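All remarks here apply to the structure that follows.
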Amino acid sequence: MTGIQIVGTGRYIPQKIVTNDEISKLTDTNDEWIRTRTGICQRHFSEGETNADLATAAAEKAMKAAGISPDQVGTCIVATFTPDHISPAVATQVHRRLSLPEHTPALDISAGCTGFLYGLTVARGFLLQSERPYALLVGSEVISRVLDFNDRSTCVLFGDGAGAAVLKLSDSHPFTSVLGCKGDDQMLGCTNAPGTERQRIFMNGSEVFRFAVETVPHCIDDTLKKAELSPEDIDFFVCHQANQRIIASVIRKTHLPEHKFYLNVHNYGNTSAASIPIALDEMAEKGLLKPGTRTLCVGFGAGLTWGGAVVEW
Ligand code: ACO
């Protein structure tokens with residue numbers, strides 16, 4: 001089966017850093033609680049920049065890293081749950097700003113924090129019927145605008161940012177993906193606050209925690225089985241960066257080596273669909289992703305959705 005290769009990554013993080021002490025001025029919390037319960041030390045908030053601004057900036061960097069031009073792009077996908085508008089999709093605005101060719105499908109994916117992993121499979125499908133070799137896949141979120149500072153257990157967790165990847169089909173880069181959903185609209189989501197037009201995130205933190213620590217180990221296992229690989233074959237596990245305690249619990253449950261788990265939630269908080277591509281871009285920058293490196297990415301989020309993917313570099 002034709003696989004996919006990631007040939008370039010990029011990220012764009014808004015300038016404004018919001019520390020835990022600064023969050024403590026907006027809601028009844030403190031640095032010690034946030035650090036010990038989540039591992040988060042700071043997050044970045046957009047100052048008026050739109051989702052399309054973030055997504056375009058990350059996509060431009062990924063295209064530069066891949067050394068490709070707009071006329072080589074045949075698919076443009078943005079995974080997000082915080083689009084600028086219900087319609088048109090953020091991806092269409094990235095398409096316009098990057099002057100991608102007209103015969104290029106552009107669409108958003110709404111799969112919560114699993115969006116980038118769903119996107120890998122969707123992008124592969126589009127590439128199989130594209131006349132041009134490359135797909136742009138972006139995870140981009142402006143979560144700060146849907147935070148509810150009256151809900152202290154949720155608002156401290158999230159941050160803004162975008163991560164992007166340029167993909168191409170490859171017979172020498174096997175790709176395995178496991179995707180799932182257990183439909184639920186109570187545990188985690190983003191809806192209008194009661195009596196207002198304003199959207200805000202709601203979450204049952206302890207239920208989501210339980211869901212994550214049960215689902216992620218199964219998902220890693222299922223993905224390894226489908227890829228016919230053992231844990232020793234994987235160089236890095238790249239989990240959705242929601243919470244350091246969730247990742248620590250996954251490590252305890254799976255007995256996988258801690259040093260293989262990439263962690264950056266302390267710097268960004270939970271950036272939802274952007275968290276995995278931001279992590280991959282940091283890893284590429286640090287020289288961790290050499291040709292032949294095998295990563296297993298795993299995510300979970302609103303929907304409830306989950307996904308795992310083995311990506312070879
Ligand atoms: N600051 C200070 N105290 C707080 C805060 C806060 N920000 N939030 C809650 N508390 C208090 C509570 O009021 C409670 O106090 P009480 O014991 O006096 O009643 C106490 O802390 C414990 O509250 P819990 O909700 O039980 O805290 P818990 O240890 O479960 O941690 C947390 C909460 C961090 C939200 C945890 O449940 C969690 O990590 N859940 C998963 C969240 C997540 O990762 N979601 C995203 C996944 S999907 C996606 O990415 C969209």
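Everything numeric here is computed off the predicted structure, so don't read it as measured data. First listed ligand is number 1; within each ligand, the first listed atom is number 1.
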Throw together a table of side-chain donor-acceptor distances under 3.5 angstrom for residues 85-93, partners on residues two or more places apart or in other chains.
| unit_1 | atom_1 | unit_2 | atom_2 | d |
| --- | --- | --- | --- | --- |
| Thr92 | OG1 | Ala89 | O | 2.5 |
| Gln93 | OE1 | Arg96 | NE | 3.2 |
| Gln93 | OE1 | Arg96 | NH2 | 3.2 |

Which atom pairs, one a donor and one an acceptor, fall under 3.5 Å between side chains of residues 159-168 and the rest of the protein, sequence neighbours left out?
| unit_1 | atom_1 | unit_2 | atom_2 | d |
| --- | --- | --- | --- | --- |
| Asp160 | OD1 | Ile143 | N | 2.7 |
| Asp160 | OD1 | Ser144 | N | 2.8 |
| Asp160 | OD2 | Ser46 | N | 2.7 |
| Asp160 | OD2 | Ser144 | OG | 2.7 |

Side-chain donor-acceptor pairs under 3.5 Å in residues 234-241, sequence neighbours left out?
| unit_1 | atom_1 | unit_2 | atom_2 | d |
| --- | --- | --- | --- | --- |
| Asp235 | OD2 | Arg294 | N | 2.7 |
| His240 | ND1 | Ser275 | OG | 2.7 |
| His240 | NE2 | Asn270 | OD1 | 3.3 |
| Gln241 | OE1 | Asn264 | N | 2.9 |
| Gln241 | OE1 | Val265 | N | 3.2 |
| Gln241 | NE2 | Cys239 | O | 2.9 |
| Gln241 | NE2 | Tyr262 | O | 3.0 |

With a 4.0 Å heavy-atom cut-off, what residues sit around ligand 1? Asp28, Thr29, Trp33, Arg37, Thr38, Cys113, Arg152, Ser153, Val156, Leu157, Phe158, Leu188, Met203, Gly205, Ser206, Val208, Phe209, His240, Ala242, Asn243, Arg245, Ile246, Asn270, Phe300, Gly301

So, Thr271 and Glu141: side-chain donor and acceptor under 3.5 Å apart, yes or no? no

Does a side chain donor of either Thr80 or Asp108 reach within less than 3.5 Å of an acceptor in the other side chain? no

If only side-chain N and O atoms count, and only distance matters, is there a donor-acceptor pair under 3.5 Å linking Ser170 with Ser172? yes

